[in-house]
Structure formats: structure tokens, C-alpha cells
Amino acid sequence: MSKYAYFLGCLTPNRYPGIEAATIDLLRMFDIELEYMKGTSCCPAPGVFGSFDLETWLTVAARNITIAEEMGRDITLTCNGCFATLQEADHILKHNRDLLKTINGHLSKIGREYKGTSSVVHVIEILYNDIGPERISDMVVQPLDGVKVACHYGCHFLKPSSVRQRGNPENPTILEELVEAVGATPVDYRDKGMCCGAGGGVRAGKIDVALEMTRKKIEAMNEAEADCVTTPCVFCQFQFDMGQTEINNKLGADKYHLPVVFITQLIGLALGLSPRRMGLHRHRIPVKPLLDKIFA
Amino acid sequence: MSSSQLIKKFDTDFTNEVIEYGSKFFEDVENVRSCIQCATCTGSCPSGRETAWRVRKLIRQVQLGLKNAAIKNDVIWDCTTCFSCQERCPRLIPVTDVVRTVRNIAVRNGIMLPRHVQVAGLLIKYGHAVPINDETKAVRKEIGLSELPPTVHSFPDALGEVKKLLDGTGFTKLIEEASKGVQK
Amino acid sequence: MSDNKRGRIGVFVCHCGHNIAGVVDVQAVIDEISKLPDVYCVDHVYMCSKSGLNLIKEKVAEEKLDKVVIAACTPKLHEKLFQKTLEEAGLNRYLLSQANIREQCSWVHKANPRKATLKAIDLTKMAVAKARLLQEQGKVEVPVEKAVLVVGGGVAGITAALNLADLGHKVYLVEREPSIGGHMAMLDKVFPTRDCSICILGPLMVEVGRHPNIELITYAEVTKASGWIGNFEVEITKHPRFIKEDECTGCGVCAEFCPVEVPSEFDQNLGTRKAVYLPFPQAVPLVYTIDPEHCIGCRACEAVCEREAVDLSQKEEKIKVKVGAILIATGYETFNPAEKRNLGYGVFKNVVTALELERMLSPSGPTMGEVVRPSDGVTPKRIVFVQCVGSRDESVGRTYCSRVCCTYAVKQALELKERIPGAEVYIFYQDMRTFGKGFEELYREALRERVRFVRGLVSKVVEDGKTRNLIVRAEDTLLGVPVEAEADLVVLSVGMVPSKGTERLLFVLNVPVSEEGFVMEAHPKLRPVETQIPGIFVAGCAQGPKDIQDSVAQANAAASKISALLSRGVVELEPYVPIVDGEVCIRCGLCVAACDKDVLKLDKERGVEVKGVGCVGCGACAGACPTGAIQISLLSDEMIRAQIDAVLEEKKEYPLVVGFLCNWCAYNAADMAGVAKIQYPTNMRAIWVPCTGRVNPLLILEALEKGADGVLVLGCYPQDCHYRTGFDKAKRRVESLRELLRVAGIDPRRVRIESMAASEGKKLAVVVKEFVEELKKLPVLGGELVRVAEARR
């Protein structure tokens, strides 16, 4: 059984605990155990804190990484924001000696030191590389036949590619392959590669701008007749789920109601995990129409 | 700022400041000097389609050293840091990294959005930008997870570490100062 | 010989306007050099000017000078000129020694005039020291083979071949494809006149085919070459076309009966051809070719050919020719836009390249001149051009402007406007560069014909899955507003990149290339059609992107240069003669083993002997000799030692680096750093060597013993070595030397060997800088004190 240190971040445990449960349960089915990293803080969020003060952002990120180093494990996570922060911090500290000295200077005040012994792996990489679509396919008990899924990668999974070093970000396919593995159909939609609107502190600072981008994306997914949107990023999930509610409130009409499910939740449904355990009933936009279609 | 649009002086200090500050963290920031305003960046920008934000113009302002124009216009906070511009730049300018750099410089000059001051305050107080709430506590319990996650929420000592770091890097003070500017 | 050593030396220091004198204190150089024994020193604002050259001649007479040192620009620029001046002054041309105080000093040390001046003094002292040992050399003249090889049958190759043939020279024209014509044959119309391309090229092609002085060898490649200016031996490999060229009349019956249909390369895969095919109707030679990759061997062609021209037993053929000169005219390829994934080429059917559009526009093309959408064959009404695809784009490693795309896009836009009534045409650009004669007029015409120009590069092309229409995203920077244009067809204005054929040929010929992979000219302004290798010339896009006018002009220039060489009938070679001192030779045979040219012979009795001509002067023999018994005349051990001594008798820098710079790559790279004004530390004193293989490790050791803090050996990349194995030899020797140093307790980091291309000025600067930084971290070698000349003064 392989083990990863699970970095929770903020939104997963504090808004979508169902993603936490789904991810832990799903990976356990493939003999991969997620161990909690105890005492972690906000990653801290790249768009806001990286924009405010890069040195602080790196310092707090480095502290989080040291917790996994103490556990002797590689890190995984369920948020592109956390991925962006921890992976970039790791990249910078491995390549920039001057900064490493500065940051470890800060960490020494709390008796910690960044060593660079844990790498940062996105949970979607575990699903695709460690497990693979074939093994996932083999475990399907409830095929998602006929379900049309709009895939949304989120910006920070592959970009900036010079830092991520995970290939060309222009037309990725791994999310679609995972969706196909459980019998669902990925749908092509306009501006698939576009941002959800939440990043860079825009959701926090300028909610109207963020929501307008979200609305455009949801419109495009609706045009493609998607039954749901799936993403490997809890922040994008939050933006689509909460965002549709906020847009509806602004409009004063229940116009947008596309269900939003995390990739581990979607796969979990096909592999027989309980929708309730995965917290699907507590999403802002009801997931019921999707469940009805699957379990019809 | 006066309403006059006349530029009388280009100042390389700001150009150098951005390159120097940014280069502490990022590679190739000095490439901003070779921008030819081809606009591949702005054409890629999803935010620019909704707002007045033109990342190309920010690079121009950096090139010409127009510091006030760059940091005082709050359009710089419309960027979602999606990195589309940075990926496609034919001159290999780390465009989004330049945005992050200029934002850092703005904050150091006491310029922040009010809502961002609040978010920063949450981190300082709770160690989370999005702390737990009663509703989620209930959900956690309901689906079989611990009521409080095993993060700083469960470990006061760990929160103490984070606070000490935020003090140590000067972040707490930085936000305090910036919040004064915002209140003004 | 002893007379020469006592000779009086004239040192001429050039200001080069402000180029040298703006940084180097010329008077200080003169003051220092004048202190040397038997030296007369004088300066001039421009030594290469008529009055500068006259000064040299006057002073040689007045001051009774025997040798001349010129401290000025790189010898690569005016060495020949100064040599000629020496001859005019009555001196042997080889009694000249030059100090490169511009490219390798004033231009690269602008911020440090004091140290640059000290370095200039050292470089000049080194040149003086070398000059003391120079000896008269006789002329070596060899006859020139009265034939020329032209590689590449595009418009440049065709033009040059016809020119040379008309002048009475024998021309071998080698073309890789089954027909000559190159890219120009693919074009419908050419700018700025918009006349039919094949109508002007076709007649020239026919003339090539029947010119008595031209031997046309198509479907063939140059696979081997040896020799030197005036005397090249070249092997050409002719692929079997399985059709007898003498028998085929081009009637085409074979193709009619051939059952195999494959995409046509000539039509950019938009149309098809048979497995037995003629690439296009106007092909020269008008001979069919069987493509073995697709032929199924049914022999239908054989059965229907009345002339019995089909010969499936044909084998690859090796043709050997002797020529006096070679012209590289291997053209270009278009940039593969699939590398730019945001533009959707290869994914979206209605995104095409400009060359594909050109084939559609051609009346003999795959659509008979009709422009259609590849997805559905419908005539497009809204067409968007995307400029600078693969040009000025560092993200795909293409930093240069391709020079033709702006004007060809304008031409194609006008063509579309004319052929498709009501068509809307947009051109998204970053700068419109319609710089040639008549080009701006064409641009103006396009504006008046309502072609819309949007200033902003396209950042993304998105396809509408249902209609297959394309949405093109950009910003109109002049308005500062993001724009979206829906298009039926998107045309990518792809740039020019060096062709794969060029790459292979340059490898065979060992010709230096620029960073972009185009052939490097001997001098960008003064010798634009000569390569760095004497006797090998270049024309057309192999040298860099250019339009047809410029290609033709360059081809004519190259033809005239080549004709001058062939007509002269003889060529003077550098005197490369190894000299062996039988007394000192220990008969170890290391030099014989080091010589690739098989010029040396070991005789147990008499020692090593030189047999015949063929020496190329690389000096690998001298680099291998453990006793200094074998020397090359242009650069003896003594000359190297004298230069080292000149620098180290009074050390002016810490750390002080002695550099050995190979003639072909590193020395040019250093000059390139100068031209590009790339600044680096002043600490290196460079010694020119013909090849790093010339560097005897004993001399490196000597430099360290005498007080050098480090030694750099800078040469070519192993695969680029002008003498094939010189760098490898140097590398092995330096590695063994480093091991020896380690054992002796000297830090091996003091000796470093690096490779660089002639174009890599930046790399040279980085290597010197890093080496100097590293040396600074090491303890002082031998604990000797650094004597900075200025401090003592």
C-alpha cells in the first residue's frame, strides 16, 4: 500500500468536506492511503497572498511542506490553488539558493527547515499515473453511460508550464480520459481552457468580474448540453457551485443549475461510493438531476 | 491624480524596481524589456474580455517606468493569474509573474482592495483564508469526518507557528499599514 | 633566420574612430609598446583607410621596418588588406602579426577603460612577441578545377547555374527532389508585381535542362566532400527513380495506370498523386519517378510504357565529381505551425498555411485555382490571416523576422478579394514590414481594396464544432479592445526555417551556421555570399530568409565571385607545412597517429617525414608531440611560448587567464561577442590557434608554471570541428592533463575546455565570466603576489 500526505488546505475541509471523504475513500479502493498532514494552514492561496507578499507566501508554503517532510511522504491535494502554491514554492526553493536561505531563516524561528525531500503531486496525477484509467474502468459498478460531462481543468494544474513541467497546457486530455474510464461522455465546449473567474484574488476582490466569467463558462457548458461539470480543483468547484447561486441571486431568477462534482466524486459515483458520504447532498446547486440520470 | 493624460517623463527607476523585485522570485523577468506589444497576452486574457484590464499596457507601463499609472489603477486586481498570457508570450516574458510583482509593489505602497485586507486578516487570525463555519462543521460530522479538520483549526500550537512566521516576515505589519491606506 | 629575429618591428595602433580610442587609452598603449626593444610605434585614426595604409608603407621605408604589427580590429576583417599593404611595402606578407583590440577588447570591456587599456597593451605585446618569430613564407599556388557544384535547384541555384554556365564554366546542379524549381515553382503569383510565378521560372528551368554546360543531377544528395578551395572532391548519391531518365518522355501513361494514390507533397498534401508521378506539369527533367515507399510492385507502369523506361532494378548510384567551388543554395522549409498549439493547425481542418493557400490559388493546383474550405469544399467568405507564425517568436526558438510574410499575406489577401466576390479579409499583424521596392504600394492597394488590418497578434483560434467555423481571438492594440473574428478559413503566415537538407549538407561540408541554423556568411556586409570556408559560397534562403528578388541578386553575386575564382585558374593556399627537427624527434609516432590527413610518415632511421601536399594546417601533430620536434609554420610552439611570456612577465590582472581560441568557432564567437557588445571580464589573454587540437598540453602546463591563474581551451562542438577530430583530441589531452594536475596537487579547475559555435558570442562571455569567478574562489596559485602593473607605476 502506498501512502501520500494529504494537504487539506482551506476550501476542501472547511466548505466541501465531501471531497475530502470521497478522495480518501476512492484512493483506498486502490490501496493508496492518504494520511492527514496535521497542523497545516492555508497553503497560502497563490492569487491573493502571492500578490500581496511573495516572501510571506513562500515562507508559509514552506512550513506546510516541512510537515510532509517530517512524515517522510510526498504531498497530494485536491485544490489547484494549493497545488500552485506548494508546487511552485517547492520549485523555487529547489532552484533559488538565495531565497532558500531567506525562507529557512524565517522557518528557523519556529524550529523548522525546508529540505526539499517531499514532492508535490496533484490527486489527478495519482488517478491518472499511479492508478490509470484502465484500473479505474475495471472497478466500475455503476457506469455513467449517457452522462455528458463538461471537463474543467482549472488554470493552475498545468500553468505556468515552465514551473509545473507537466507538458503543454494548450489541449490536455487526462481529465477526459478519466471521465471516459467511468463510462461518461466528455463534451467539447467553447472556451474549455478558460479560467473559472475566481483566481488571482478576483473572487475575493472583485466578485462581479469573477461571476461574469463563471457565467460565460456555464453558458458554454449548457450550450454543449452537459449534465454536470467536473473539475480537479475545489476552488473552481466552489466558484461554479456557489457562483451559480450568486448569479441567480443577482438575476433574481433560478437560471443556472448545472451540477458541479469533483473528479473524485464523479469517479466515486461510478465505483459505488455513497453520494451522501461524498457530501453531494450539501452542494449549493442540487446534484439530484445528475444522480437521477445515473441511477435511473 | 490629475486628469491630464500628458506624459512628460519616462522613469527607468520603476522598470528596474520591477525587474529587481521580480527576479528575486521568478526567472526571465528582465525579458519585459524586449516586449514589442504584439498583444498575444491581451488577446489571451479572459478577464480583459469583461473588464478594462489590459495586461499589455501594464508591461508597457513597466517598460516606461510609469509607476503610478501601474500601481494606482485598480484594474491590476482584475487579473485571475490564469497564466494564459505567460504561456503564449512570443518574447518569453513571464507576464503573470510581472503582474504578481507589480501587485506586491502596490501593496508595499499601501495600495490594496478593501476585501483583500479582510482576507489577509483571516489568514493572520485563523491561519486559513477560508476558516471553518458551523454549517460545515455539521456536514463534516454528518458524513463521518472529525468536526474540526486536523489543520491549524485543531492544533493551537501550529496556529502559533503560522502567526510567528507572519510576524517574522513583516506580513502582519505590511497589512496593517496597507489597511490604513485603504481606510483613507 | 637569425636576421629575422633581430628585425625591427613597426607597431601600428588604430583608433578606429571612437570604437577603440573611446575605451582604450591609445597613447598609453603607444607609451608602453615603445619601451620594447627594436620597436617603432605609431597610431592612426583609421589604419584601414588609404592614409592609414600609406602610413604603414611610409614607415616601413623610413624606419627600416622588417615586421609589422597592427593593433586594430579582428584579423578576420582586414588581414588580407594589411598583407597586401606589406607586399606593397616590399615585405613578405607573412611578416604581419595582428592584435585584436576591438572585437576582443574595447567593444567588450566598455565599462572598464583602465583594464581594457592594460589588456590592449598585453595583446599588442603578444603580437610583437609573435612577430619577432615570424618568417617569410613562399606562395603556395594550386590550380583550380574548372567546374562548380551548385547544390539546390530553387530559383537561387537555377540563377547561379545558368549564369556560370553562360560564362563557360562546367556546372553540376544537384537537386534533392525529382524536379528543380524549389518553392518558387509552388507559388501561384509573386509579389509585388503579382505575375505568374511558374511563367517566369518555367523558361529558366527548361534552359537549365538543356544547357550544354550544366549537368543536372536530380533526386540526389551530396553525401561526401573533401579537399579545399579550387580542389574539392564530392560524392553525390543519386536515388533510384526506377525510371530510365534517357528513355522517359514524360507522357504520363504510367501514372494513368498506376492504382496507388497518395497525398502530393508538392500540393502540400491537399491533392493527390500516383506512386509513379511527376511532381508538377512543368517539372524539369520531365521524367517520372516511382516512389518506392508507396509502390505496390504491380508493374502496371512497366506494362504500359512503350519506351520501356521503367526499370525496377535500378540501384542507388554514387557519382564522384571534382570541382573548384561549391555553391550552397539549399533554400528553406516553412515553419511547422503545429508547434504553436494555440493556433489549432493540424487539429482544425480550416486552419491552413499560406503555402497551402498558394497551392489552392494555383490554376494547376489541387483545386484548379479555386479557394475552398478543406472541411467541406465550400468557398470561404471570411478569411483571417495570422502573421508572424514561427517568426519573431522566442517561444518556438525563432527569433528572427522571415521578411516575406507581410508582403505575401498582402498579395494573397488581394488575390482573395479578386477571386471571391464579397470576401472579407482580415490580417492580424504586429508590425507590417513591406519594406521592398513596390511592397508598400501593394500594402496601400490592399488597404484601398478594403482588406482589414488589425494590429495585434492572434492569441487563440477556437473552432465551432458544428459549423467548423473558427473564432479568432486577439486585441486590437490601436483601440486597446479585445476582438473576436469569426472566420471560414484561417491562413497562417508561416515563416522560413532552415531546411533539413541544408542541415545535412552543412554537416557534410562542415560549414559554420548561425544560431538559427542558416549558413553563416564570411562577413555580413563585405563578404555576403562567401561562407567561412574558402571556396564554398552561399545564395538564397540557405543564408537566411529572403524574397525572390534578393535570392536572385545573391545568386548573381555568388556566380560572379565563383566565376572570378574559376577564371583566375590558380588559387593561393596558406603555407601549411609541418617542419620536423630530426635531432629532437624521438620517433614515438604520436604525431603520425594524430594526423587525419595521412601526411606524415615515420621512418625509424630518419624520424618523421612529411610526404606530399594535403596538410590542412590543423596542428594536431604539434599538439601531440612530447618534445616539440614537429612544428607548423603558421604557429610554432615558440610563438605560443613567446605570447605567454609576453603576458606573464608582468601580470596585469588577477586572476589572469590564458585562452587558446580555435580559429573556426571560439575565435569567431569572441568576435561575435564584440560585434554584439556583450560585456565580459577583462582577464583573458587570447592566443589564436588553428584548432584546439594544436594546443600541446605541455604549453598549458608552462603557462601555469609561469604564473597564469587558469587556462581556457575554447573550441568547436565536437561534431562541428573543422578538422573532424581536433576538438576530441584536445578534450582527451586536457582531461589527462587535469588528472595529472590533480595528482601534482594543483587544482584541476584551473584548466577548462569548452565548446561553442561561431555564433555563440554570449556563451563565450558566460564561459569567461564563470571561469574567472571560479578562479577567484581558488587560493592564489603558488602563493605568488600579483603584480598589477599600474600599482607599480
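Proteins get letters first, then strands, A, B, ... in listed order; numbering begins at 1 in each. All of these numbers come straight from a predicted model, not from anything done at the bench.
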Quiz item: Do B:Phe171 and A:Phe49 have side-chain heavy atoms sitting under 4.5 Å apart?
Solution: yes

Practice problem: Check whether any side-chain heavy atom of A:Ser51 lies under 4.5 Å from a side-chain heavy atom of B:Trp77, and answer yes or no. | Solution: yes

Value rounded to 0.5 Å, distance of [atom1] in [X] from [atom2] in [Y]:
X	Y	atom1	atom2	value
B:Asp97	A:Glu88	CG	CD	6.5 Å
A:Phe52	B:Asn104	CZ	CG	9.5 Å
B:Arg100	A:Asp53	CZ	CG	13.0 Å
B:Leu159	A:Ser41	CG	OG	9.0 Å
A:Ile110	B:Asp157	CD1	CG	11.5 Å

Of the non-hydrogen atoms in [X] and [Y], which two are nearest, and what is the gap between them?
X	Y	value
B:His116	A:Gly201	NE2-O, 2.7 Å
A:Gly39	B:Val152	O-CG1, 3.5 Å
A:Arg15	B:Thr136	N-CG2, 3.7 Å
B:Ser84	A:Lys159	OG-NZ, 3.3 Å
A:Pro17	B:Leu145	O-CD1, 3.4 Å

Quiz item: Should the pair A:His156 and B:Phe83 be assigned to parallel (<30°), tilted (30 to 60°) or perpendicular (>60°) ring geometry?
Solution: perpendicular

Exercise. For A:Lys217 and B:Glu50, run salt bridge (Lys or Arg N to Asp or Glu O under 4.0 Å): C-alpha distance rounded to whole Å, both residues' side-chain angles, the deciding distance at 0.1 Å, then the answer.
Key: CA-CA 13 Å; A:Lys217 283 225 70 160; B:Glu50 314 303 333; over 6 Å; no

Quiz item: Among A:Ile103, A:Leu58, A:Thr59, which residue meets the side chain to side chain contact (heavy atoms under 4.5 Å, CB included) test with B:Thr169?
Solution: A:Thr59

Quiz item: With respect to A:Cys10, which candidate in B:Ile132, B:Thr151, B:Val130 satisfies the side chain to side chain contact (heavy atoms under 4.5 Å, CB included) definition?
Solution: B:Val130

Quiz item: Which of the residues B:Val107, B:Leu113, B:Val162, B:Leu165 is involved in the greatest number of heavy-atom pairs with chain A at under 4.5 angstrom?
Solution: B:Leu165

Do [Y] and [X] meet the salt-bridge criterion of a basic N to acidic O distance under 4.0 Å?
X	Y	result
A:Arg276	B:Glu142	yes
A:Arg164	B:Glu87	no
A:Asp98	B:Lys24	no

Quiz prompt | Steps toward salt bridge (Lys or Arg N to Asp or Glu O under 4.0 Å) verdict (B:Arg49, A:Asp191) | solution = CA-CA 12 Å; B:Arg49 274 184 262 154; A:Asp191 284 324; 3.5 Å; yes

Self-check item: Flag if over 12 foreign heavy atoms under 6.0 Å of CD, A:Glu113
Solution: yes

